[in-house]
Amino acid sequence: MLHRIKGRATKCGPSAISAIAGIHTHDAAAIIRRLFDRPNVNGVYMDELAAALIELGWHPEYALRHRNLHNRRHARRQDTYDSIFADVPSETRSVTIGRVLDVWPSGTWAIATTTHLIAYSDTFVADSGSWFSRKPERWIRANPRHDRVARRRLEEAVRFSPPPPDRS
(Lines give C-alpha, C1' and ligand atoms only; values in the text may rest on other atoms or scores of the structure.)
Protein backbone atom coordinates (compact mmCIF):
# COMPACT_ATOMS: atom_id res chain seq x y z
CA MET A 1 0.00 0.00 0.00
CA LEU A 2 1.29 3.42 -0.92
CA HIS A 3 0.95 6.42 1.35
CA ARG A 4 -0.03 9.93 0.36
CA ILE A 5 3.15 11.93 -0.20
CA LYS A 6 3.50 14.69 2.37
CA GLY A 7 6.30 17.09 3.17
CA ARG A 8 8.27 20.06 1.97
CA ALA A 9 10.74 18.31 -0.35
CA THR A 10 9.40 18.10 -3.89
CA LYS A 11 11.98 15.92 -5.63
CA CYS A 12 11.09 12.48 -6.95
CA GLY A 13 13.49 10.43 -4.79
CA PRO A 14 12.24 11.65 -1.41
CA SER A 15 8.69 11.47 -2.80
CA ALA A 16 9.11 7.79 -3.71
CA ILE A 17 10.51 7.06 -0.25
CA SER A 18 7.60 8.97 1.30
CA ALA A 19 5.01 7.03 -0.71
CA ILE A 20 6.56 3.68 0.19
CA ALA A 21 7.51 4.23 3.84
CA GLY A 22 4.86 6.77 4.86
CA ILE A 23 7.26 9.44 6.13
CA HIS A 24 7.45 13.11 5.12
CA THR A 25 9.58 13.93 2.09
CA HIS A 26 11.81 16.29 4.07
CA ASP A 27 12.52 13.45 6.52
CA ALA A 28 13.40 11.16 3.60
CA ALA A 29 15.75 13.83 2.21
CA ALA A 30 17.32 14.20 5.67
CA ILE A 31 18.04 10.46 5.78
CA ILE A 32 19.77 10.63 2.39
CA ARG A 33 21.78 13.70 3.43
CA ARG A 34 22.88 11.95 6.62
CA LEU A 35 23.72 8.59 5.03
CA PHE A 36 25.62 10.03 2.09
CA ASP A 37 26.97 13.27 3.58
CA ARG A 38 25.21 15.38 0.99
CA PRO A 39 24.47 19.09 1.49
CA ASN A 40 21.20 18.83 -0.48
CA VAL A 41 19.11 16.31 -2.38
CA ASN A 42 18.32 17.29 -5.95
CA GLY A 43 18.52 13.85 -7.50
CA VAL A 44 18.58 10.36 -6.05
CA TYR A 45 20.14 7.22 -7.45
CA MET A 46 18.77 3.75 -6.72
CA ASP A 47 21.57 3.00 -4.22
CA GLU A 48 20.60 6.05 -2.16
CA LEU A 49 16.89 5.29 -2.31
CA ALA A 50 17.49 1.68 -1.29
CA ALA A 51 19.83 2.67 1.56
CA ALA A 52 17.22 5.11 2.90
CA LEU A 53 14.48 2.48 2.74
CA ILE A 54 16.76 -0.07 4.45
CA GLU A 55 17.29 2.50 7.21
CA LEU A 56 13.49 2.58 7.59
CA GLY A 57 13.21 -1.23 7.77
CA TRP A 58 12.36 -1.99 4.12
CA HIS A 59 14.58 -4.45 2.26
CA PRO A 60 15.09 -5.09 -1.46
CA GLU A 61 13.91 -8.54 -2.48
CA TYR A 62 13.94 -8.48 -6.29
CA ALA A 63 15.29 -6.22 -9.03
CA LEU A 64 14.40 -5.82 -12.69
CA ARG A 65 17.03 -4.01 -14.73
CA HIS A 66 17.22 -2.81 -18.31
CA ARG A 67 19.77 -4.75 -20.34
CA ASN A 68 21.77 -1.60 -21.15
CA LEU A 69 21.95 -0.48 -17.52
CA HIS A 70 25.56 -1.55 -17.16
CA ASN A 71 26.48 1.06 -19.80
CA ARG A 72 25.00 3.89 -17.72
CA ARG A 73 25.66 5.32 -14.33
CA HIS A 74 22.91 4.00 -12.07
CA ALA A 75 24.47 4.51 -8.66
CA ARG A 76 26.16 7.43 -6.97
CA ARG A 77 28.50 5.02 -5.19
CA GLN A 78 29.00 1.72 -7.00
CA ASP A 79 30.38 -0.02 -3.89
CA THR A 80 27.25 0.91 -1.91
CA TYR A 81 25.06 -0.33 -4.75
CA ASP A 82 26.99 -3.60 -4.97
CA SER A 83 26.75 -4.23 -1.22
CA ILE A 84 23.00 -3.49 -1.11
CA PHE A 85 22.09 -5.59 -4.14
CA ALA A 86 24.69 -8.38 -3.82
CA ASP A 87 22.17 -11.02 -2.68
CA VAL A 88 19.09 -9.62 -4.39
CA PRO A 89 17.82 -11.83 -7.21
CA SER A 90 17.46 -9.90 -10.44
CA GLU A 91 16.33 -10.19 -14.01
CA THR A 92 17.59 -8.25 -17.01
CA ARG A 93 15.12 -7.27 -19.74
CA SER A 94 14.38 -4.40 -22.08
CA VAL A 95 10.93 -3.26 -21.07
CA THR A 96 8.83 -0.16 -20.72
CA ILE A 97 7.06 0.95 -17.57
CA GLY A 98 3.73 -0.02 -19.12
CA ARG A 99 4.78 -3.60 -19.89
CA VAL A 100 5.68 -4.06 -16.24
CA LEU A 101 2.76 -2.26 -14.62
CA ASP A 102 0.09 -3.54 -17.02
CA VAL A 103 0.44 -7.00 -15.47
CA TRP A 104 -0.09 -5.43 -12.01
CA PRO A 105 2.87 -7.01 -10.24
CA SER A 106 2.44 -7.67 -6.55
CA GLY A 107 4.47 -5.93 -3.91
CA THR A 108 5.88 -2.46 -3.39
CA TRP A 109 8.23 -1.16 -6.08
CA ALA A 110 10.54 1.80 -6.62
CA ILE A 111 10.80 2.34 -10.37
CA ALA A 112 13.57 4.37 -11.99
CA THR A 113 13.58 5.81 -15.48
CA THR A 114 16.43 7.82 -16.91
CA THR A 115 15.40 10.97 -15.04
CA HIS A 116 12.60 10.11 -12.63
CA LEU A 117 11.54 7.81 -9.78
CA ILE A 118 8.02 6.60 -9.08
CA ALA A 119 6.48 4.35 -6.43
CA TYR A 120 4.11 1.50 -7.26
CA SER A 121 2.21 -0.86 -5.00
CA ASP A 122 -0.60 -3.25 -5.85
CA THR A 123 -2.11 -1.32 -8.79
CA PHE A 124 -1.43 2.17 -7.38
CA VAL A 125 1.23 4.67 -8.49
CA ALA A 126 2.48 7.92 -6.97
CA ASP A 127 5.32 10.35 -7.52
CA SER A 128 6.32 13.93 -6.83
CA GLY A 129 3.41 15.24 -8.87
CA SER A 130 5.42 15.40 -12.06
CA TRP A 131 3.81 12.43 -13.86
CA PHE A 132 1.23 11.25 -11.36
CA SER A 133 -0.39 12.61 -8.25
CA ARG A 134 1.19 12.85 -4.79
CA LYS A 135 -1.93 10.93 -3.72
CA PRO A 136 -1.73 7.29 -4.90
CA GLU A 137 -3.93 6.65 -7.91
CA ARG A 138 -4.84 3.40 -9.65
CA TRP A 139 -2.67 2.51 -12.64
CA ILE A 140 -4.95 2.45 -15.68
CA ARG A 141 -3.38 2.29 -19.13
CA ALA A 142 -6.55 3.86 -20.63
CA ASN A 143 -5.78 7.08 -18.74
CA PRO A 144 -3.96 9.33 -21.26
CA ARG A 145 -1.46 10.53 -18.63
CA HIS A 146 -0.65 6.94 -17.72
CA ASP A 147 -0.37 5.86 -21.35
CA ARG A 148 2.19 8.63 -21.97
CA VAL A 149 4.30 7.39 -19.04
CA ALA A 150 3.80 3.73 -20.01
CA ARG A 151 5.97 4.18 -23.10
CA ARG A 152 9.01 5.31 -21.12
CA ARG A 153 11.87 2.86 -20.74
CA LEU A 154 12.27 1.26 -17.36
CA GLU A 155 15.89 1.57 -16.21
CA GLU A 156 15.49 -0.30 -12.94
CA ALA A 157 12.66 -1.49 -10.71
CA VAL A 158 13.24 -2.83 -7.23
CA ARG A 159 10.61 -4.62 -5.16
CA PHE A 160 10.93 -3.96 -1.43
CA SER A 161 9.57 -6.03 1.43
CA PRO A 162 8.02 -4.09 4.31
CA PRO A 163 9.42 -4.11 7.80
CA PRO A 164 8.02 -6.82 10.09
CA PRO A 165 5.00 -5.74 12.11
CA ASP A 166 5.77 -4.23 15.49
CA ARG A 167 4.88 -6.79 18.13
CA SER A 168 4.95 -4.51 21.15
> Can V125 be reached from V149 by stepping across I, L, V, M, F, W or Y side chains whose heavy atoms are under 4.5 Å apart?
Replying inline: yes

> What are the two closest non-hydrogen atoms of R8 and T25, and how far apart are they?
Replying inline: N-OG1, 3.4 Å

> Nearest 0.5 Å, what's the CD1-CD distance between I17 and E55?
Replying inline: 11.0 Å

>> Return the OG to CG distance between S106 and D122, rounded to the nearest 0.5 Å.
In response: 6.5 Å

> Heavy-atom distance under 4.5 Å between the side chains of F36 and T80, does that happen here?
Replying inline: yes

> S18 side chain to I23 main-chain N or O, any donor-acceptor pair under 3.5 Å?
Replying inline: yes

> Do the ring centers of F124 and Y120 come within less than 6.0 Å of each other?
Replying inline: no

> Does some side-chain heavy atom of R38 sit less than 4.5 Å from a side-chain heavy atom of I32?
Replying inline: yes

>> Minimum heavy-atom separation for R134 and G7, please, with both atom names.
In response: NH2-O, 3.3 Å

> In terms of heavy-atom contacts, does CZ of R148 have more than 12 from other residues, nucleotides or ligands at under 6.0 Å?
Replying inline: yes

>> What's the separation between atom CG in D147 and atom CG in N143, rounded to the nearest 0.5 Å?
In response: 8.5 Å

> Any chain of hydrophobic side-chain contacts (each under 4.5 Å) joining Y62 to L101?
Replying inline: yes

>> Using side-chain heavy atoms (C-beta onward) and a distance below 4.5 Å, is W58 in contact with T108?
In response: yes

> Are any of the side-chain heavy atoms of V88 and V158 separated by less than 4.5 Å?
Replying inline: no

>> A side-chain contact here means heavy atoms from C-beta on lying under 4.5 Å apart; do I54 and P60 qualify?
In response: yes

> Does the side chain of V95 come within less than 4.5 Å of R153's, by heavy atoms?
Replying inline: no

>> Checking R151 against T96: is there a side-chain donor and acceptor pair closer than 3.5 Å?
In response: no

>> Any donor-acceptor pair under 3.5 Å linking the side-chain atoms of D102 with those of W139?
In response: yes

>> Pair H59, E61 - check side chain to side chain contact (heavy atoms under 4.5 Å, CB included), show working.
In response: CA-CA 6 Å; H59 293 282; E61 61 181 16; over 6 Å; no

>> Taking the basic N atoms (NZ, or NE/NH1/NH2) and the acidic carboxylate oxygens, is any pair closer than 4.0 Å for R65 and E155?
In response: no

> Side chains of S128 and S15: donor-acceptor distance under 3.5 Å anywhere?
Replying inline: no

> So which heavy atom on A29 is nearest to which on V41, and how close?
Replying inline: O-CG2, 3.7 Å

> Quick check: are there more than 12 heavy atoms from other residues, nucleotides or ligands sitting under 6.0 Å from CG of N42?
Replying inline: yes

> Is there a path of hydrophobic side-chain contacts, each under 4.5 Å between heavy atoms of I, L, V, M, F, W or Y residues, that connects W131 with I5?
Replying inline: no

> Side chains of R4 and K135: does their closest heavy-atom pair fall under 4.5 Å?
Replying inline: yes

>> Quick check with a 6.0 Å cut-off and a 45 degree axis cone: is R77 positioned over the face of Y45's six-membered ring?
In response: no

> L154 and M46: same hydrophobic cluster, using ILVMFWY side-chain contacts below 4.5 Å?
Replying inline: no

> Where do I84 and D47 come nearest, in terms of heavy atoms and distance?
Replying inline: CD1-O, 3.5 Å

> For the atom pair NZ (K11) and CG (D127), what is the distance rounded to the nearest 0.5 Å?
Replying inline: 13.0 Å

>> Restricting to non-hydrogen atoms, name the atom on A112 and the atom on L117 that form the minimum distance, rounded to 0.1 Å.
In response: CB-CD2, 3.5 Å

> Do the side chains of I118 and W104 join up, straight or via other hydrophobic residues, at under 4.5 Å, putting them in one cluster?
Replying inline: yes

> What is the distance from atom CD1 of I97 to atom NE2 of H146, rounded to the nearest 0.5 Å?
Replying inline: 11.5 Å

> At what distance, to the nearest 0.5 angstrom, does CG of N40 lie from CZ of R33?
Replying inline: 8.0 Å

> Does the side chain of L64 come within less than 4.5 Å of V100's, by heavy atoms?
Replying inline: yes

> Should the pair E91-R67 be classified as a salt bridge under the 4.0 Å nitrogen-to-oxygen rule?
Replying inline: no

>> Within a 6.0 Å radius of atom CG on D37, are there more than 12 heavy atoms belonging to other residues, nucleotides or ligands?
In response: no

>> Ignoring hydrogens, what is the shortest heavy-atom contact between F132 and R145? Give both atom names and the distance.
In response: CA-NH1, 4.0 Å

